[in-house]
Amino acid sequence: GAGVSQTPSNKVTEKGKYVELRCDPISGHTALYWYRQSLGQGPEFLIYFQGTGAADDSGLPNDRFFAVRPEGSVSTLKIQRTERGDSAVYLCASSLGVGSSYNEQFFGPGTRLTVL
Amino acid sequence: AQKITQTQPGMFVQEKEAVTLDCTYDTSDQSYGLFWYKQPSSGEMIFLIYQGSYDEQNATEGRYSLNFQKARKSANLVISASQLGDSAMYFCAMREASSNTGKLIFGQGTTLQVKP
């Protein structure tokens with residue numbers, strides 16, 4: 001079956017511009033996560049959705065970052081007034097739920113964002 | 001304080017030999033899960049193995065096993081009979097039950113190079 005997909009795979013933008021990154025989770029997965037991975041580092045949590053609502057956005061670095069999941073499936077991560085420090089790979093993951101301590105997250109291929 | 005510590009930035013192993021990748025963790029939760037992911041140069045995160053904090057036996061998945069020492073808070077990954085395709089970045093991650101979100105906390109990773 002189809003895995004988690006993310007578009008675009010690469011995005012190059014100029015400082016100050018607005019960008020949108022899209023994540024299409026595995027069908028039926030209610031939990032959706034965004035992570036950011038800087039070069040040579042492990043992924044860092046940004047935001048978690050359970051269904052349509054953002055249940056935990058504690059990882060968003062500042063108010064330039066926002067994410068939505070209006071119908072409980074596809075999610076969009078939005079970054080306003082991009083800065084060079086936003087350059088990273090943005091990973092999306094989905095899982096069936098959060099009910100037990102074991103809950104495998106399936107990751108998408110990521111979007112590599114480069115801010116010039 | 002770091003929640004997940006991977007002290008080996010890079011490791012080398014000869015093909016067909018076994019290798020251990022270290023991971024220590026820090027949590028006050030009694031219930032938590034520990035994960036290992038592989039990230040090849042292509043960038044996707046591949047789930048390898050899971051260990052629950054209440055699991056009495058060490059997890060095994062094919063050539064992967066997890067050496068879980070709860071009192072020492074360590075969860076080392078053992079790869080037996082290394083193959084060239086095992087060359088990749090490896091991440092240890094933890095999920096704490098108290099977070100109620102399932103978000104993963106990752107270490108900084110270890111780069112494994114398998115020599116022919």
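Heavy atoms only: backbone and side chains are in, while hydrogens, waters and symmetry mates are out. Labels below follow one simple rule: chain letters A, B, ... track the order of the sequence lines, proteins then strands, and each chain is numbered from 1.
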Main-chain N/O of B:Gly43 paired with A:Gln37 side-chain donor or acceptor, under 3.5 Å: no
Side-chain donor or acceptor of A:Tyr33 paired with backbone N/O of B:Leu104 under 3.5 Å: no
Do [X] and [Y] belong to the same hydrophobic cluster, where Ile, Leu, Val, Met, Phe, Trp and Tyr are linked whenever their side-chain heavy atoms lie under 4.5 Å apart, directly or via other members?
X: B:Phe106; Y: A:Trp34; value: no
X: B:Val19; Y: B:Leu84; value: yes
X: A:Leu77; Y: A:Phe66; value: no

With a cut-off of 6.0 Å (strictly less than), are more than 12 heavy atoms of other residues, nucleotides or ligands near [atom1] of [X]?
X: A:Glu44; atom1: CD; result: no
X: B:Lys70; atom1: NZ; result: yes
X: A:Leu116; atom1: CG; result: yes

Heavy-atom closest contact (A:Pro43 atom, B:Met45 atom, distance): CG-CE, 3.9 Å
Residue, of B:Gln39, B:Gln51, B:Gln108, B:Lys103, that accumulates the most heavy atom pairs under 4.5 Å with chain A: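 Max contact count across the listed options: B:Lys103.
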Part of A:Tyr35 lying under 4.5 Å from any heavy atom of chain B: side chain
Per-residue contact mode, B:Tyr54 against chain A (heavy atom under 4.5 angstrom):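 When you check distances to chain A, no heavy atom of B:Tyr54 falls under 4.5 Å.
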CD on A:Gln41 to CE on B:Met89, rounded to 0.5 Å: 8.0 Å
